2 protein chains.
Amino acid sequence: MSVSKENFIKTIYKLQQGVGQNTRPGTIAAALGISNAAATDMARKLAARGLINYVKYQPVTLTESGRLMALDVLRKHRLWEAFLFEVFGLSMHEIHREAELLEHQTSVFLAEKIDAFLNNPTTDPHGDPIPATDGSVVFSNKNLILSEAPAGATYYVSRLAGSEEEFFDFCRDNKIAIGAQLTVGNRYNAGQTTEIVIEDTKLLLNTDFTNLIYVKQNQ
Amino acid sequence: MSVSKENFIKTIYKLQQGVGQNTRPGTIAAALGISNAAATDMARKLAARGLINYVKYQPVTLTESGRLMALDVLRKHRLWEAFLFEVFGLSMHEIHREAELLEHQTSVFLAEKIDAFLNNPTTDPHGDPIPATDGSVVFSNKNLILSEAPAGATYYVSRLAGSEEEFFDFCRDNKIAIGAQLTVGNRYNAGQTTEIVIEDTKLLLNTDFTNLIYVKQNQ
DNA sequence: CCTTATTATTAAGTATGCTTAAAAATAGAA
DNA sequence: TTCTATTTTTAAGCATACTTAATAATAAGG
Ligand SMILES: [Mn+2]
Ligand SMILES: [Mn+2]
Ligand SMILES: [Mn+2]
Ligand SMILES: [Mn+2]
């Protein structure tokens with residue numbers, strides 16, 4: 001497996017998990033910063049290897065072995081993020097940036113060492129679950145996506161699912177951090193905009209951010 | 001810079017430093033496990049980028065910017081080795097194996113973090129000097145190569161410059177570790193074989209190993 | 001339902017980093 | 001010095017991962 005193939009498969013997995021997203025070639029291409037033609041090309045190659053299901057003009061899906069491969073990369077990514085956060089104190093964006101590279105050059109052997117050193121963490125610093133070696137992932141069933149969390153209630157931030165520096169900068173500047181308390185207010189613009197109150201500040205957030213923020217009722 | 005280019009340049013640096021070695025295309029090719037044709041090809045490409053001096057049928061040499069590039073990779077390699085040894089307790093061979101991959105995906109930013117975490121170490125666990133960010137390297141002027149260390153004297157092992165698992169297994173099995181004490185005995189086979197006594201055991205070593213082991217008079 | 005805009009696919013081409021095979025140059029031995 | 005063995009180079013070719021441009025299919029709006 002090459003870096004390109006690993007990133008491609010991981011992107012499919014993440015798009016398929018993400019809210020309001022699809023796994024069509026163009027979407028994958030945009031996420032990876034490559035042309036649509038290159039994405040179609042890669043889709044055919046990975047289908048030939050039995051890692052994805054590809055039917056012309058259809059969204060692609062991962063096969064079981066493709067899913068396991070995605071989870072292997074994601075496990076390494078999130079273990080590195082947890083490690084860089086705990087040990088070196090890097091920021092939310094820095095851990096992601098470095099893990100994006102290290103994930104492809106990490107043996108299963110080394111991943112186990114990191115895992116043991118951190119006492120087998122279940123989530124990374126963004127609140128994302130860390131898949132186990134066998135590919136099992138435990139999703140918190142208490143997480144609510146902020147774009148859909150019932151209004152009028154108070155929540156704790158439980159997951160920041162973005163990856164762009166801009167997103168993390170915004171969260172940091174507005175005290176949106178894992179464990180922070182916020183209240184959901186009115187919805188505007190046909191539910192596209194969510195009003196929240198955090199640290200006595202009122203914010204109006206659009207779905208491009210509220211689809212990346214998860215909250216839960218209790219800490 | 002690609003992984004292939006970084007490894008190529010690093011190999012030239014190491015061959016040029018090593019005892020009884022040269023930097024001819026065939027030697028580089030053998031070290032990297034590629035064909036002579038591929039090595040010639042790469043030599044021309046790197047020369048075009050001003051990283052090496054290449055004249056047909058001649059050994060290649062690094063330019064100043066090539067040397068700095070080699071030292072940058074070597075710095076990352078050795079910082080990772082020191083880190084994996086200290087923090088995860090990996091063996092001499094395991095640290096090398098993992099560092100060989102990680103060295104290419106490590107930002108200068110991350111290298112600085114590792115360096116600071118380890119309190120700016122000057123040598124890695126093999127006794128090799130860790131180049132500074134500016135490319136300066138401090139070589140111990142007290143190190144003697146075991147193949148040439150005067151007979152009859154007692155020394156401390158100061159550097160194990162190999163990279164093969166077989167070499168490190170041999171060293172471990174025979175108590176040849178950094179700081180271990182040994183005495184140099186007779187030389188045989190026109191100096192190709194060195195007799196040493198370590199932990200009351202007599203060993204006869206050939207130059208393929210004694211060119212990789214360095215010792216010094218005082219600890 | 002038809003037209004148009006968007007998206008996907010195919011085709012052709014490029015750079016990288018390899019390969020093997022053949023030719024050329026160099027090095028070593030007699 | 002001359003022959004031979006070794007090494008290096010050149011040539012041709014291949015796989016990967018991209019590109020742009022042209023074509024085909026699908027999706028969306030009027
Ligand atoms: Mn991440
Ligand atoms: Mn990546
Ligand atoms: Mn090493
Ligand atoms: Mn390497």
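Order of the sequence lines fixes the chain letters, A, B, ..., with proteins taken first and strands second; residue numbering starts at 1 for each chain. No experiment lies behind these values; they were computed from the predicted model shown. Keep in mind that the numbers below use all heavy atoms, side chains included, and drop hydrogens, waters and symmetry copies.
Cation-pi contact between A:Arg97 and B:Phe109: present, with separation from the ring centre below 6.0 Å and deviation from the ring axis of at most 45°.
A donor-acceptor pair under 3.5 Å is formed between the side chain of B:Ser158 and the backbone N or O of B:Tyr214. Remark: the backbone N or O of A:Gln192 is not paired with any side-chain donor or acceptor of A:Asn189 at under 3.5 angstrom.
At least one side-chain heavy atom of A:His126 sits less than 4.5 Å from a side-chain heavy atom of A:Met92. Using a 4.5 Å heavy-atom cutoff, the side chains of B:Leu160 and B:Leu212 are not in contact. For the pair B:Tyr155/B:Val184, a side-chain contact is recorded, criterion being any heavy-atom separation below 4.5 Å from C-beta on. Side-chain contact check for A:Pro125 versus A:Leu84: every heavy-atom pair is 4.5 Å or farther apart. Between A:Asn36 and A:Ile28 the shortest side-chain heavy-atom distance does not fall below 4.5 Å.
Base engagement by B:Ala37 is indicated by at least one non-hydrogen atom pair under 4.0 Å involving a base atom.
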Considering only nitrogen or oxygen atoms on both sides, find all protein atoms under 3.5 Å from nucleotides 1-3 of chain D and state each distance.
none

I would like to know whether A:Trp80 and A:Ile114 meet side-chain contact (heavy atoms from CB on, under 4.5 Å); could you show each step before the answer? CA-CA 8 Å; A:Trp80 273 119; A:Ile114 301 171; 3.7 Å; yes
How far apart are the C-alpha atoms of A:Gln21 and A:Thr27, what are their side-chain angles, what is the distance that settles it, and do they pass the side-chain hydrogen bond (donor to acceptor under 3.5 Å, both in side chains) test? CA-CA 8 Å; A:Gln21 298 187 292; A:Thr27 311; over 6 Å; no
Given the rule in the side-chain hydrogen bond (donor to acceptor under 3.5 Å, both in side chains) test, do B:Gln105 and A:His104 qualify, once you have shown the distances and angles that lead to the verdict? CA-CA 9 Å; B:Gln105 305 302 334; A:His104 308 289; over 6 Å; no
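We find that NZ of A:Lys45 is positioned 11 Å from P of D:dA15, with the value rounded to whole Å. Here the P atom of nucleotide D:dA17 and the NE2 atom of A:His104 are 12 Å apart, to the nearest Å.
Within the 4.0 Å cut-off from OP1 or OP2 of D:dT9, not a single side-chain nitrogen or oxygen of B:Arg44 is found. For D:dT7, the OP1/OP2 oxygens have no side-chain nitrogen or oxygen of B:Asn36 closer than 4.0 Å.
Chain B approaches DNA chain C over the interval C:dT16 to C:dT26, counting the first and last nucleotide 5' to 3' with an atom under 4.0 Å from its heavy atoms.
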How does each nucleotide of nucleotides 22-27 of chain D score, in 5' to 3' order, for protein heavy atoms under 4.0 Å: base (B), sugar-phosphate only (S), or none (-)? ---SS-
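Axis orientation changes by 10° from one end of the helix from C:dC1-D:dG30 to C:dA30-D:dT1 to the other, with each end axis drawn from 5 pairs and the value rounded to 10°.
Two rings, from B:Tyr54 and B:Phe8, have their centers 6.0 Å or more apart. Residues B:His93 and B:Phe167 place their aromatic rings such that the two centres sit no closer than 6.0 Å.
A:Asp72 and A:Arg75 are not joined by a salt bridge, as no carboxylate oxygen comes within less than 4.0 angstrom of a charged side-chain nitrogen.
Applying the salt bridge (Lys or Arg N to Asp or Glu O under 4.0 Å) test to B:Arg187 and every residue at least two apart in sequence or in another chain returns nothing.
The side-chain contact (heavy atoms from CB on, under 4.5 Å) test with B:Glu103 is passed by exactly one of B:Glu98, B:Glu81, B:Lys10, B:Glu6: B:Lys10.
Only B:Ser2, B:Ser4, B:Lys5, listed by number, bring a heavy atom of residues 2-23 of chain B to less than 4.0 angstrom from any atom of DNA chain C.
You'll find that the side chain of A:Ile34 is closest to D:dC18, out of D:dT20, D:dA17, D:dC18.
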